[in-house]
Each structure stands twice: as structure tokens, then as C-alpha cells.
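The model shown is predicted, which means the values in this text are computed figures rather than measured ones. Chain letters run A, B, ... following the sequence lines, proteins first, then strands; residues in each count from 1.
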Amino acid sequence: MAEEQETPAVRLLHGCPLDETLGAFVVHCDRDSYLELCRSLRSDGYAMPVGVTGVDYLTHPGRTVPQGVDAERFEVVVELCSLVARKRIRVRCQVPESDPRIPSLFDVWPGTEAHERETYDLFGITFDGHPDMSRILMPDDWEGHPLRKDYSTGEIQVQFKEARR
Amino acid sequence: MTDPVVAPRKLSLVDRLLGRVPVGSEPIEEILTAKTNEGTQELEPRSSTGVTEYGLESGSLLALAEGVSLDRGDIDVDVPEDESMILNLGPSHPSTHGVLRVMVEIDGETVLRTKPVIGYLHTGMEKTAEELMYHQGCTNVTRMDYLSPFFNELGFCLSVEKLLGLEIPPRATWIRMLMCELNRISSHLLWLATNGADIGALNMLVYGWREREMVLAFFEKVTGLRMNHNYFRPGGVAADLPDGWRDDVAALCEALPRRMDEYDQLLTGQPILQNRLVGVGPLDAETAISLGVTGPLLRSTGVAWDLRRDNPYLAYDKVDFDVIVGTSGDCWDRYAIRFNEIRESIHIVSQIAEKMPPGDYRSQDKKVTPPPRSRIDESMEALIHHFKLYTDGFKVPPGDAYVPVESPRGESGCYIVSDGSARPYRMHMRSPSFSNLQAMAPMARGSLIADTIAIVSTIDPVLGDVDR
């Protein structure tokens with residue numbers, strides 16, 4: 001973390017607010033700085049993509065985010081690991097409800113491929129530049145994205161509806 | 001009594017096989033062409049596959065330097081499209097360890113492209129977790145990776161405890177370590193059994209299951225169940241170890257190394273097994289790391305990365321063990337690593353049995369731990385406390401936490417977001433099998449179909465963990 005700066009209000013890492021929660025380093029960013037930040041982290045030595053997932057903050061709007069970050073409905077959470085330095089860092093990127101799109105990290109770490117497909121499948125966040133943005137866990141003709149907070153759990157689609165009885 | 005309206009007779013299996021069309025029913029062609037809801041999850045012909053996706057499937061994408069664009073001609077598959085064949089392995093095939101479907105494009109016996117298709121076991125456990133209170137959560141997560149249930153419970157409990165800022169007593173930590181290491185043994189033994197079955201050493205199948213059953217019998221004695229234990233709870237474990245556990249552990253530590261030596265004789269020197277595994281499905285360290293591959297798969301490439309040593313949790317810094325590392329990253333290395341990890345785990349278990357501290361097996365924090373049964377009979381307050389804890393649960397401060405643990409398959413981690421209520425706002429399991437399966441395409445490229453089975457087997461995916 002060469003460019004880490006100590007400022008009285010917010011610590012910055014590659015121009016994005018760095019937070020420390022429960023012993024873990026978390027960088028908050030928005031969509032515009034997301035890809036650039038991830039590329040910088042990659043060159044910092046975070047070679048392993050541990051995972052990509054999403055969180056839908058629809059019913060928990062009052063969460064704390066550092067100064068300078070606008071809380072949006074969705075968050076894409078990327079967990080990274082540096083094997084050499086034995087360090088971990090988490091990237092939390094805000095994704096607005098009106099346009100749930102975010103650049104894909106496939107070019108930076110190919111190992112995010114399946115994780116991004118899963119996040120698309122369960123949250124409906126589209127990853128631009130992903131080679132195969134299709135559903136991975138749910139059937140291809142499934143309607144809705146189950147892990148969204150406004151997805152009704154009581155209502156179950158009839159599966160195999162095209163199969164003959 | 002007869003129905004006045006005669007409903008068209010349904011097609012029986014015999015009708016279908018003979019091509020009969022009963023009066024009033026639809027023509028047979030329509031039935032045969034009826035679409036399933038599998039949709040587009042298929043291996044498209046090369047001409048209609050995007051270059052990036054094609055590169056991903058053929059495994060050539062990872063060799064490219066940053067910023068270099070991929071051309072279809074760069075991929076050295078020189079077989080014309082109409083001379084290759086697309087074959088489905090699975091989803092119902094004994095060697096796929098569950099319901100994994102692998103689509104392969106083959107030229108004769110040689111694999112050109114591979115694409116794993118998953119989701120057949122998806123049961124929405126992450127959604128279910130949002131409905132369960134924290135003390136119920138372990139019941140859910142233990143069913144994800146059903147061959148190493150303790151590691152799921154451990155990841156979940158450590159995450160919740162991190163959010164709570166809860167210290168657990170040393171005995172609980174050591175009990176957790178004991179159960180986890182025994183679980184690693186049972187999981188690797190089962191892998192040894194199924195791997196034997198996959199590549200033709202069928203006798204190993206019987207022995208592996210037999211030895212695993214010895215470990216599961218101990219689990220049953222401690223937790224009441226052979227699998228899906230729900231034994232680890234936030235704040236400690238559900239019950240103390242039963243009387244006589246030291247004898248059981250000592251018996252295991254005595255019997256297993258001898259059995260392992262026998263299997264060493266049975267398998268390791270065997271030329272047929274060596275021919276099936278040595279040099280098959282190699283993976284290099286750089287590819288493995290950039291794909292997020294962990295566990296024995298990563299260690300086989302020569303990267304000494306074990307979270308027990310490199311990111312210590314529980315009390316792994318107080319026991320002595322080696323991290324087993326391979327050199328060439330082929331199936332043989334993965335076999336050798338798992339084989340020797342069983343021996344290391346036995347070594348750890350005997351150390352744990354020696355060092356097991358006395359004391360409480362769960363935290364005495366009234367917030368998360370119910371009062372003991374004896375107090376409930378005496379005290380009204382204890383009864384109310386017990387009732388409130390099991391009906392309302394305990395509240396966890398807002399925040400997010402991710403705690404990784406080294407499961408037999410790699411890094412298993414639990415990411416929990418809390419909104420301050422008694423239920424997780426979001427619970428995500430980072431499952432090792434899900435990431436490791438991505439290494440399938442680069443490993444299988446250019447190998448034979450029979451090798452693909454060996455490769456799937458040495459990835460050791462648990463589909464309950466992949467699909468969650």
C-alpha cells in the first residue's frame with residue numbers, strides 16, 4: 001500500500017476511502033473508480049480473487065459508510081488476498097438501483113468469472129465486459145433475482161412449466 | 001361411475017418407445033422436441049461463441065498477457081468444427097460426485113473444450129439464512145458442504161463471534177480444532193475412496209468408507225449425528241466431549257496410521273494408478289492463484305498456502321504440523337497431498353488430545369448462552385432468559401465480517417452483514433469447491449476423456465457446496 005495517506009478525517013487508498021472494521025481493511029468506492037481501484041490493488045500484490053458477492057441494502061438504509069461515499073441500494077463486495085504479504089482487503093462498491101451495472105473484473109482476475117455470474121443471477125447486477133453473463137445457479141428462464149430483498153419468498157414459480165405432463 | 005368427457009390418454013413409456021400415438025393426444029414429434037428449461041446453458045458451436053468465452057472454455061485465456069486481445073485463430077484447436085463432437089458428462093454420472101454436468105467438446109478421445117454446468121443442487125441456502133436467527137444458522141450452513149460440515153459451522157460461528165466481539169473459552173476452541181481435524185481426516189478418506197473408484201481402484205472404495213465410518217462413529221458419540229451436526233454454536237460448542245473421548249481418539253490415532261501405511265502399499269506404488277494420475281491435468285501456480293483456487297489444488301502447484309499456518313485461527317499456532325506441498329500440480333500431486341494431509345491431521349489430533357485444556361465448553365456470556373438445564377428448574381429468571389433467547393434470539397451489532405477457514409477443499413469463508421437484529425441481514429458462504437471448479441477448463445484441455453474423470457475427482461468438488 002504505497003499510496004496510503006494519513007489524513008485526519010478519512011484514510012485514502014488509491015483515492016478511495018479506506019476503513020478498518022473488526023480488524024479487516026475495507027475500501028469503499030463507486031462505480032467510476034471501481035475498475036481503476038481494482039487494477040491498482042492487483043498491481044499492489046493482491047493476486048488472488050477470493051470472492052465476489054453482492055448485498056441488497058433495501059431494508060437496511062441507515063448503514064454507516066465513510067465520508068465521501070454515497071450509499072446506494074446495492075453493494076458489490078470483492079474480497080482479495082495477497083499471498084506474499086499475507087494480507088486481505090475488501091472492496092465495497094456502491095451500485096445504484098436505477099442502473100445496476102458495474103464493470104467486470106474478468107480482465108484483472110479471471111477467477112471472478114463464476115462469482116460475477118452468481119452475483120448477476122441472484123441480485124440482477126450486470127457485469128459489463130463479462131464473457132458469459134448468464135444465470136449460473138437458477139434455471140435460465142427463471143424470473144427475478146432471488147437474493148434481492150423485494151423478492152417474495154412465499155411465491156414459488158412452477159418449474160419445468162414447458163415439460164409435458 | 002364414468003366421466004362423460006373422455007380425457008385423452010397419457011402417453012406411457014411403452015407408447016413412447018414404440019412411437020405409438022394414442023387417439024386424441026399430440027403427435028409424438030412434439031413431445032420429443034419439447035424444450036426443457038435448460039435454456040442456453042450449453043456448449044455453443046465454436047462459430048457462435050464469443051472469443052472471450054471461447055478462450056475461457058478452451059483454457060487459453062489465462063496464458064495471455066494483460067492488454068493482449070484474443071483472436072479466434074490464436075486458439076490452437078485445429079480440428080474443423082464439423083469433425084468434433086460435444087458430449088455431456090453428467091449431471092447424473094457416478095464420477096461427478098453429485099450432480100455436476102460437464103460439457104466437453106472432443107476430437108476422438110481428446111478434449112478440446114470443457115464447460116462445467118452447475119446449479120442442480122441449488123436450494124437457496126443463503127436466502128434461508130436471512131430468515132434464521134443466529135443460533136439457528138448453524139443448522140443451515142452445516143448442510144452446504146456435507147462432507148466437511150464442521151468447517152461450515154466454524155466459519156459461520158467465527159464470523160458471528162467477530163461481529164459480537166465475543167471471546168470463547170479455550171476448551172471450546174480446542175474442541176473445535178479436534179472436531180475439525182477429525183473431519184479433515186474423514187473428508188480426505190472419502191476422497192481417497194471415491195478417487196479410487198473413479199480411476200478403477202475399486203477396492204479402495206470399500207476401505208475408504210470403512211475408515212471414514214470409524215471417524216463418523218466418534219462424531220455420532222459427541223454430537224448425536226454422523227453428519228450435519230449443528231455442534232458448533234456461536235459462543236462455543238453445544239455440549240462437552242463425552243466421557244471416554246480420550247480413549248476413542250487414542251484408538252483412532254493408533255488405528256489410522258497403520259491403515260494409511262496399508263493403503264500406501266495398496267495404491268502408491270501401483271503402476272496402473274501412477275499411469276492414471278502422474279502428469280494428468282497439470283495446473284501452474286500463476287493460473288491457480290488468478291483463478292482463486294485454494295486448498296490441496298493450490299498446494300499441489302507448489303504454493304505453500306494453508307490458512308491454518310498463514311492466517312491462524314482457533315489455536316493452530318499452538319500445534320505443530322507441516323504444510324504438504326507438491327511440485328508439478330498434476331493429479332498425482334493432489335493425491336499425494338491429500339494422502340499425507342491425513343497423516344498430518346492425525347498428528348495434530350494426537351497433540352490436541354494431549355493439550356486439551358479443562359474449563360467451560362461454551363462462553364459464559366449471558367447474551368448468547370442459555371442458562372444450564374438445572375438452573376431452569378430452580379429459577380424463574382433463568383426460565384424467562386432461556387425462553388427469550390430461543391424465541392427472540394440474540395442481537396448482533398451492525399457491521400460486516402468475513403472469516404476464512406481452511407477446509408479440506410480450500411478456503412471456506414463466511415461473510416455476514418448484520419443490521420443489528422437477531423437475524424443475519426446477508427450471509428454469504430465463499431465455498432472452495434465453487435472457485436476450484438473454475439480450474440477445470442485449463443486442466444482438462446488436451447487430455448483424454450478418461451483423464452477428465454480423474455481431474456474432476458482430484459478437484460474434489462462437493463456439489464452441495466458449489467450450489468448452496
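Residue contact with chain B, scored on non-hydrogen atoms closer than 4.5 Å, involves the side chain of A/Val77 exclusively. In this structure, the portion of B/Val293 lying under 4.5 Å from any heavy atom of chain A is its backbone and not its side chain. Contacts of A/Asp121 with chain B are absent, with no heavy-atom separation under 4.5 Å from either backbone or side chain. Proximity to chain A is absent for every atom of B/Thr128, based on heavy atoms less than 4.5 angstrom apart. Using a 4.5 Å cut-off between heavy atoms, A/Thr64 does not touch chain B at all. B/Asn311 touches chain A through its side chain: at least one heavy atom from C-beta onward sits under 4.5 Å away, while N, CA, C and O do not. Interface residue B/Pro404: only side-chain heavy atoms are found under 4.5 Å from chain A. For B/Leu298, the part sitting under 4.5 Å from any heavy atom of chain A is the side chain, from C-beta outward, and nothing else. For A/His115, the parts sitting under 4.5 Å from any heavy atom of chain B are the backbone and the side chain alike.
We find that B/Arg308 and B/Glu406 are not joined by a salt bridge, their nearest charged nitrogen and carboxylate oxygen being 4.0 Å or further apart. Electrostatic pairing of A/Asp99 and A/Arg31 counts as a salt bridge here, judged by a charged N lying under 4.0 Å from a carboxylate O.
Taking A/Gly51, A/Ala24, A/Ala47, A/Gly23 one by one and counting their heavy-atom pairs under 4.5 Å with chain B, the maximum is reached by A/Ala47. Heavy-atom pairs under 4.5 Å with chain A were tallied for B/Asp467, B/Val417, B/Asp400; the largest tally goes to B/Asp400. In terms of non-hydrogen atom pairs under 4.5 Å with chain B, the most contact-rich of A/Val108, A/Thr21, A/Val50 is A/Val50.
Across all non-hydrogen atoms, the minimal contact from B/Gly410 to B/Thr294 is CA-OG1, 3.5 Å. The two residues A/Leu122 and B/His122 come nearest to each other via the heavy atoms CD2-NE2, 4.2 Å.
In terms of the side chain to side chain donor-acceptor pair (under 3.5 Å) criterion, B/Gln438 has no residue partners (sequence neighbours excluded).
Both tests pass for B/Arg468 against the ring of B/Phe434: distance under 6.0 Å to the centre and angle within 45° of the axis. Remark: A/Arg90 is not positioned above the aromatic ring of B/Tyr402, lacking an NZ or CZ atom under 6.0 angstrom from the ring centre and at most 45 degrees off the axis.
Defined by atom type and a distance below 3.5 Å, a donor-acceptor pair is present between the side-chain atoms of A/His14 and A/Asp44.
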